[in-house]
Peer 1: 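Before we start, here is the structure in question, set down as C-alpha cells.
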Number of protein chains: 2
Amino acid sequence: MQNLEEGERVPIPLYQAKAEFLRTLGHPARIRILELLSERDHAVHELLDRIAIEPSNLSQQLAVLRRTALVVSRRHDGEVVYSLSVPEVRDFLVTARQIITNLAAVQGDLEPELTPAKSAR
Amino acid sequence: MQNLEEGERVPIPLYQAKAEFLRTLGHPARIRILELLSERDHAVHELLDRIAIEPSNLSQQLAVLRRTALVVSRRHDGEVVYSLSVPEVRDFLVTARQIITNLAAVQGDLEPELTPAKSAR
DNA sequence: GTAGTATATGAAGAGTTCTTCACATGCAAA
DNA sequence: TTTGCATGTGAAGAACTCTTCATATACTAC
C-alpha cells in the first residue's frame, strides 16, 4: 500500500474517492453485475442471459467497472470472463441492503410528522 | 427518481433502490456531511464552517439527504440541527473506505501492465 | 483468405444532476 | 414594525451520465 512517488500524483481527498466509488456503484445494471459476480465468475454472455440489457450497453457498464478496477477480465476459451477484484464488495452490497431496509422503515415513520403548515392563514 | 404517492406504492426492485441510495451518497459534499453527522449532530452553520461550499448549495445537498430520509432536521435556538436518521450509515462509510483502500492497491498493482504511463484518473 | 460468434468502442442525442444566483421564508431582537 | 441573521427554494445553464447505433476488434473454424 505504498504511495507511488514517481511523477506527481495529487492525492485525491478520501471523501472524493468515496464519492467516485459510490457513484460508480449507483447504477442498477452495475449493481446487478456485481451481485452476479459475487456469486461466481461470469462470462459476458452469461451476464447477458441474466440481465435485461443490450450487449453493447453491458459492455459499457463493464468498462466502467473495469476503469474503477472493481472487476477484472480474462479470456478463456473464446469467452471473456469477469470476476470481482475486491471481494469485500459483496459484504458492502449486503450492508447497503440493510440500510435500505431501515431507510424504508424510517421513510414510512416520518411521513406524518414533519409536514410543515404552509397554510396561508 | 421516483415519487411515491400516498396509496400507490410500487415495489421498486431492490437493486434499483440500492442504485438510488448509492447515487445519493455519490457526491463529495454529501459524503462530507454524512461523515460530520456521524461524529455528532451539527447545525447548518457548523457544517458550513467545515465544508467549503456555498450556503445555498449546502442547503440543496441537505435537501437531497432529507428527501432520501438519510438525515432529519430539527430547529433548536434559532438554528437548524441535522442528525443521521440511520446510524448504520456510519459503518457503511467505514466499509467504503476499506474498499477504496483495497481498490487503490489493486489499481496500483495493475498499472504497470495496462497503462501507457498516462493514467490521469 | 472468408465467415461467424463474442465482445468492445466511439459518438450523438436524450436525460439527469450540479452549481450558482436571486429571492423567499422563519424567527427573534430592537 | 423593521432589521438582521440563518436557512431554504426555484430556475437556468453547464456539466455530466445513459442508451443506442454503427462499427471495430479478437478469436475460431472452415
Side-chain angles (χ1 to χ4, degrees), chain A residues 15-16 18-33 36-37 41-68 70-83 114-121, chain B residues 1-3 15-16 18-33 36-37 41-68 70-83 114-116 120-121:
Chain A
Y15 57 86
Q16 195 163 336
K18 275 186 197 164
E20 215 168 289
F21 165 67
L22 293 169
R23 222 179 331 112
T24 300
L25 264 67
H27 186 286
R30 293 197 289 264
I31 292 191
R32 280 293 280 142
I33 294 170
L36 290 170
L37 295 184
D41 294 1
H42 280 73
V44 174
H45 67 90
E46 290 177 314
L47 293 173
L48 216 38
D49 288 345
R50 305 194 53 187
I51 308 178
I53 193 180
E54 303 260 318
S56 70
N57 195 350
L58 176 58
S59 243
Q60 300 266 18
Q61 305 307 341
L62 287 171
V64 172
L65 294 173
R66 255 185 287 124
R67 238 175 274 134
T68 335
L70 277 164
V71 305
V72 288
S73 65
R74 76 197 116 94
R75 193 172 275 274
H76 176 70
D77 270 341
E79 300 174 341
V80 178
V81 177
Y82 279 83
S83 39
L114 287 185
T115 330
K118 57 169 55 171
S119 55
R121 29 191 347 266
Chain B
M1 306 242 173
Q2 188 169 132
N3 263 347
Y15 56 86
Q16 193 163 336
K18 273 185 200 165
E20 215 167 288
F21 165 66
L22 293 168
R23 220 176 336 111
T24 300
L25 264 66
H27 185 286
R30 293 197 289 265
I31 291 192
R32 279 295 279 141
I33 294 170
L36 290 170
L37 295 183
D41 295 359
H42 280 74
V44 174
H45 67 90
E46 290 177 315
L47 294 172
L48 216 37
D49 288 346
R50 306 194 53 186
I51 308 178
I53 192 180
E54 303 260 317
S56 69
N57 195 349
L58 177 58
S59 244
Q60 301 262 21
Q61 305 306 340
L62 287 171
V64 172
L65 294 173
R66 257 185 286 124
R67 239 176 272 136
T68 335
L70 276 164
V71 305
V72 288
S73 65
R74 76 197 116 93
R75 193 172 274 276
H76 177 70
D77 272 339
E79 300 176 340
V80 178
V81 178
Y82 279 84
S83 38
L114 290 185
T115 55
R121 211 156 234 271

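Residue numbers start from 1 in every chain, and the chains themselves are labelled A, B, ... in the order their sequence lines are given, proteins ahead of strands. Keep in mind it's a predicted model, so treat the numbers as computed, not measured.
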Peer 1: Only counting residues at least two apart or in another chain, list the ones meeting ring pair (Phe, Tyr, Trp, His ring centres under 6.0 Å) with A/Phe21.
Peer 2: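 A/Phe21 satisfies ring pair (Phe, Tyr, Trp, His ring centres under 6.0 Å) with A/Phe92 once adjacent residues are dropped.
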Peer 1: For a 4.0 angstrom threshold against heavy atoms of chain B, report the outermost contacting nucleotides of DNA chain D in 5' to 3' order.
Peer 2: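 For DNA chain D, the relevant span reads D/dT7 to D/dA11.
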Peer 1: At how many degrees, to 10°, do the end axes of the helix from C/dG1-D/dC30 to C/dA30-D/dT1 meet when each uses five pairs?
Peer 2: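 One end axis against the other gives 10°.
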Peer 1: Working to the nearest 0.5 Å, report the span between CG of A/Asp41 and CD of A/Glu46.
Peer 2: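 The CG atom of A/Asp41 sits 9.5 Å away from the CD atom of A/Glu46.
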Peer 1: Given atom CZ of B/Arg23 and atom P of C/dG15, what is their separation to the nearest angstrom?
Peer 2: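 To the nearest whole Å, that distance equals 16 Å.
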Peer 1: Apply side chain to side chain contact (heavy atoms under 4.5 Å, CB included) to A/Ser56 and list each qualifying residue two or more places apart in sequence or on a separate chain.
Peer 2: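 With neighbours one apart ignored, the set is empty.
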Peer 1: Can you measure from CZ (B/Arg30) to CD (B/Gln60) and round to the nearest 0.5 angstrom?
Peer 2: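 Reported to 0.5 Å precision, the distance equals 10.5 Å.
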Peer 1: Rounded to the nearest angstrom, tell me the gap between atom CG in A/Asp49 and atom C1' in C/dT7.
Peer 2: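 Interatomic distance, CG of A/Asp49 to C1' of C/dT7: 14 Å.
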Peer 1: Answer whether the closest heavy-atom distance between the side chains of B/Arg50 and B/His42 falls below 4.5 Å.
Peer 2: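 When only atoms from C-beta onward are counted, B/His42 and B/Arg50 do touch, with a gap below 4.5 Å.
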Peer 1: For residues 53-63 of chain B, which residues have at least one heavy atom under 4.0 Å from DNA chain C?
Peer 2: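 Listed by number, they are B/Glu54, B/Ser56, B/Asn57, B/Gln60, B/Gln61.
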Peer 1: If I take atom NE2 from residue B/His27 and atom CG from residue B/Leu65, how far apart are they, to the nearest 0.5 angstrom?
Peer 2: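 Answer rounded to 0.5 Å: 10.0 Å.
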Peer 1: Taking CZ from A/Arg67 and P from C/dA8, how many angstroms apart are they, rounded to a whole number?
Peer 2: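 One finds 12 Å between P of C/dA8 and CZ of A/Arg67, rounded.
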Peer 1: Measure the distance from CG on B/Asp77 to P on C/dA29 and round it to the nearest whole Å.
Peer 2: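 Rounded to whole Å, this separation is 10 Å.
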Peer 1: Measure the spacing between CG of B/Leu48 and CD of B/Glu54 and express it to the nearest 0.5 Å.
Peer 2: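 One gets 9.0 Å once the value is rounded to the nearest 0.5 Å.
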Peer 1: Is the shortest heavy-atom distance from the side chain of B/Leu47 to the side chain of B/Ile53 under 4.5 Å?
Peer 2: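 Contact flag for B/Leu47/B/Ile53 side chains = no.
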Peer 1: Does some side-chain heavy atom of A/Thr68 sit less than 4.5 Å from a side-chain heavy atom of A/Leu25?
Peer 2: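 No, side chains not in contact.
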Peer 1: DNA chain D: B/Val80 or A/Arg30, which has the more 5' nearest nucleotide?
Peer 2: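 It is B/Val80 whose nearest nucleotide is closer to the 5' end.
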Peer 1: Rounded to the Å, how far apart are A/Leu65 CG and C/dT9 C1'?
Peer 2: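 Rounding to the nearest Å, CG of A/Leu65 and C1' of C/dT9 are 16 Å apart.
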Peer 1: Rounded to whole angstroms, how far apart are CD on B/Glu79 and P on C/dA28?
Peer 2: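 Those two atoms, CD and P, are 12 Å apart.
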Peer 1: The criterion is side chain to side chain contact (heavy atoms under 4.5 Å, CB included); which residues satisfy it with A/Ser73, sequence neighbours excluded?
Peer 2: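 Only A/Arg66, A/Val80, A/Tyr82 meet the side chain to side chain contact (heavy atoms under 4.5 Å, CB included) criterion with A/Ser73.
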Peer 1: Could you check whether any side-chain heavy atom of A/Leu37 comes within less than 4.5 Å of a side-chain heavy atom of A/Leu70, counting everything from C-beta outward?
Peer 2: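 No, their side chains stay 4.5 Å or more apart.
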